Each structure stands twice: as C-alpha cells, then as structure tokens.
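Down below is the structure, laid out as structure tokens.
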There are 2 protein chains.
Amino acid sequence: MKKIRIYIADDHQLIVEGLQRLLLDQDDIIFVGSSNNGLEAEQDILQKEPDIALLDIRMPGKDGLKITQNLFHLQSPTKVIILSMYEDIRYINDAKNFGAYGYLLKNTCREEFLEAIHLVQTGKKIFHKIEAKQTKELIFLTPREKDIIKELSHGKTNQEIADELSLSVQTVMTHRKNIRAKTGTKNLANLLLVLKEQGIDLE
Amino acid sequence: MKKIRIYIADDHQLIVEGLQRLLLDQDDIIFVGSSNNGLEAEQDILQKEPDIALLDIRMPGKDGLKITQNLFHLQSPTKVIILSMYEDIRYINDAKNFGAYGYLLKNTCREEFLEAIHLVQTGKKIFHKIEAKQTKELIFLTPREKDIIKELSHGKTNQEIADELSLSVQTVMTHRKNIRAKTGTKNLANLLLVLKEQGIDLE
DNA sequence: ATAATGCTACCTATTTCTAGGTATTTTTTT
DNA sequence: AAAAAAATACCTAGAAATAGGTAGCATTAT
C-alpha cells in the first residue's frame, strides 16, 4: 500500500514536532520533511512533491496562503491543507480560491486531523465550517477609504492626509464621513475595532 | 527511578498532543493529564499535583500566568513552566515574579524542551533569553488607562466614559493625554495600531 | 518610612472633527 | 451608451479633542 507523503511547515517548531509525532503513529503516512520558513518550505515542496503539505499561514519568508497560490499556479501535485489559528472567513476563502484542499484550525483534535488528511488524500476537500456569527453584514470599503484609514492609523490629521494624497481636506472629511456611515462607528478606535472584528484588513 | 509527572494546559489541542507525544517518548516522564481550559487546568493541577505543569499563557477560563500565581500562593508543589508564543519581557518578568520555574517559547525545539524539563525537575529555573530587539521601549498601560481605551473602542465620547466610570470629563481627558504621551500616538486609530503592534491586549 | 506610581480633577486657548448638506468628475459595470 | 459606484470638492455650525499646564490623594514597592 502506498503511503501518504506529508510535508509540514509551521514557524512553531512545537507544532511541527507535534504533528510529526501525531503522524508517525499512522502506518499509512510518511513524513517527508518540514520547515519553519515559508520560502524554504515552498522550495522543499516543489522539489519533494509530497502528497500533502500542511502549511501554517503565518510564517517568516512566505505565508502559507501565498505558497498555496504559487503551488497551484505551478501545477504542483501536492495538495495543501492550511493550518490556522484563525477562524476567519477571509482566510478560508483565500485558501479555497488559491486551490487548497483544506483549512483546519490548530485546535482540531487528532482524530479530525487524521480524518481530514485521509479525505484530502482521496481528493476530497475539507474546510473548517464557520459558526453563525458570519451572518452579520459585511462592510465594503473602497480602496480610497482604506487609504484614508491607513493614514489615520499612522496618526495623520486630515490636513496631512490631504497633502499626502493630494486631495483637499474636504475630500478627506467626506471619505471619513462615508466610512463612519458605512461602518456605523463613532470614533477611530471604534472603527479599528469593528474592522478587526469584521476581519477587514487594510492590506 | 521516579518518573517526572507532567501536566499540560494549552488551548490548542494540537500543541497539547504534540507535547504529549514528545514526552511519551521519554521513559523518565509520565503524562498525567491535560486541559484546554485554564480553570479546569488549575483544578486538575491542585488535585493531581504533578511535578511539572506546562502552561500556555492564553487560555479560556484563566491564563497561565494567573494560574502560576495562584499555585504559588497556595504553595502547590507543582513547578510551572510557561509556554508562550511571545518573546515579551513583561510576560517573562510576570512568570518570574509569579513563581514559575521556566518560560519557553513554543518554537523551542524538542531537545531544548526536554532539557528544560529535566533542569526544572532538579529545581533549576530556565527562562528564555530575550534578543536585542527588546531595546524598543515597552509600553505599560495602567488598568484605568486600559478601561478608557476599551470604552473608546466602543465609540464612547469622553463625556460618556466619564458618566460610565463615574469620573469627571477632565479626568478622562487626563488619562487620554497620558495614554498619548506614553504611546506616542496622535489619534485613536494610531493608538490601536500601536497597541496591536506591541501585542498589548486590553483583556 | 519614603519614594514612586496611579488615579483623580481642574483651567484655557487652539485645533480638529462631526453632521448636516450639495455637486461635479471619473471610473466601472451592465 | 446608460447607469451605478467611486472619488472629488465645498459650506457651516457646533461638538469634541488636544496641548500646555498644576495638583491632591491613595496605593504599592522598596
């Protein structure tokens, strides 16, 4: 019987070793390598072509989602399962769009883990299901609005932002007005909190 | 030969299993229990009195530092090793002050891990050494200042916060002034960004 | 016991932001 | 080509926050 060849990439060595040991118990799984660095992981995966790669999102060098995208783009035969601490619909969607075969939270238990790996090996996809909280309206900010918020996050005043982006102060005010209206927020702290809760990044 | 009895608490089950398996390989170590919840862990530890408890900082119920403090206070014989993702001098100092025997990063490798456990078992203390990057000033916010920021994050005005916390508006303003001075931030968005970057939570 | 820190409170002039609007131009979508 | 969305700009009154102070009292460390 052909063993499932698995590669692991996570910046926390403890997770790597934990997974490794978890997998070594299984006699249909063979561990082919690991890395704590995204760039190294990508190279390794391209070279070793494991059946499955378990990739953390946050890694030095290159994040797991970018690696996924690139592997998919290069038509690598390796199926990626994203490992994440975050139950975040955007990450999950990114993972799906970038061609991953799975998205698992790090607090997944051993049984589910192994089940997921076996399912993915047979070509099925398994994505963590997000709870109901995702029902609330999503907020869409325009690129310009995000620009403004980014500048605000750096402590800029309307005037400074206007200068920076070659706008009039009134325009900056209008954008901020629109942002407040869209988000229903009353001050900047509240705005950032809501953006964080809604999982909106300014890139 | 007496085996070292170890308890593990971490909200990420993967870490728990990883550690568990890592330890099971060692024939002088015996695993006596684990939990993903701080409160449960504390009870378990008090009851089972393991030789060593590996505690995560972030856990639902009760954080590892608080547990450490309480175990020390109750003169528990269990020696605590804090497990953390953060190379943060404040956490390390807390761990020391609360009577922990060790502070290890989660990306510690297996060898160092086992070494640390054995050292701690003999009564030695082992704390992660922080790199030079810790040169940048750390920001210490007082509980009251955190209260104010929390309220601000909920979109409250100074007046509303004053009412809420039974303070005068002037006092709220003073706190905000001090917060700005401490953090070197110019507006609320900037403040929240800096707090995030510095890994400061408002609890 | 002394020092340091944290929390509280006040004052004033100035700056910044908000909440209502309206309105033109550019870009994107259909 | 028409419609929709995004980005731009302006006005005004009023609300809110800032920057510069000073200072008393309570609690915690040393």
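Remember, it's a predicted structure, so these values are computed and weren't measured experimentally. Per chain, numbering begins at 1; letters A, B, ... match sequence-line order.
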Test side-chain contact (heavy atoms from CB on, under 4.5 Å) applied to [X] - qualifying residues, sequence neighbours left out:
{"X": "Asp147(A)", "value": "Arg144(A), Lys150(A), Leu165(A)"}
{"X": "Lys125(A)", "value": "Tyr101(A), Phe127(A)"}
{"X": "Asn178(B)", "value": "Glu145(B), Thr174(B)"}
{"X": "Lys124(B)", "value": "Leu119(B), Thr122(B)"}

Kindly write out the residues that satisfy salt bridge (charged side-chain N to carboxylate O under 4.0 Å, His left out) with [X], not counting sequence neighbours, or none if the list is empty.
{"X": "Glu164(B)", "result": "Lys156(B)"}
{"X": "Glu40(A)", "result": "none"}
{"X": "Asp44(A)", "result": "none"}

Within this structure, what is the [atom1]-[atom2] distance for the pair [X] and [Y], rounded to the nearest 0.5 Å?
{"X": "Leu191(A)", "Y": "Ile149(A)", "atom1": "CG", "atom2": "CD1", "answer": "4.5 Å"}
{"X": "Phe31(B)", "Y": "Lys3(B)", "atom1": "CZ", "atom2": "NZ", "answer": "14.0 Å"}
{"X": "Asn190(B)", "Y": "Leu188(A)", "atom1": "CG", "atom2": "CG", "answer": "9.5 Å"}

Could you pull out all donor-acceptor pairs under 3.5 Å where a side-chain atom in residues 69-76 of chain A meets a protein atom, sequence neighbours excluded?
unit_1	atom_1	unit_2	atom_2	d
Asn70(A)	ND2	Glu42(A)	OE2	2.8
Ser76(A)	OG	Thr78(A)	N	3.1

Can you give me the bend angle of the helix from dA1(C)-dT30(D) to dT30(C)-dA1(D)? Use the axis through the first five pairs and the one through the last five, nearest 10 degrees.
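Taking the rotation axis at each end, their angle is 80°.
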Test your reading of the model: is there a side-chain donor-acceptor pair from Asp11(B) to the backbone of Asn36(B), 3.5 Å cut-off?
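Between the backbone of Asn36(B) and the side chain of Asp11(B) there is no qualifying donor-acceptor contact (under 3.5 Å).
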What is the separation between atom CD1 on Ile179(A) and atom P on dT8(D), rounded to the nearest whole Å?
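Rounded to whole Å, this separation is 12 Å.
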Along DNA chain C, first and last positions that approach a heavy atom of chain B under 4.0 Å
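Range of nucleotides touched by chain B: dG6(C) to dC10(C).
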DNA chain D-proximal residues of residues 157-177 of chain A, any heavy atom under 4.0 Å
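Nucleic-acid contacts, sorted: Leu167(A), Ser168(A), Gln170(A), Thr171(A), Thr174(A), His175(A).
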Do any N or O atoms of the protein come closer than 3.5 Å to N or O atoms of nucleotides 28-30 of chain D, and which pairs are they?
none

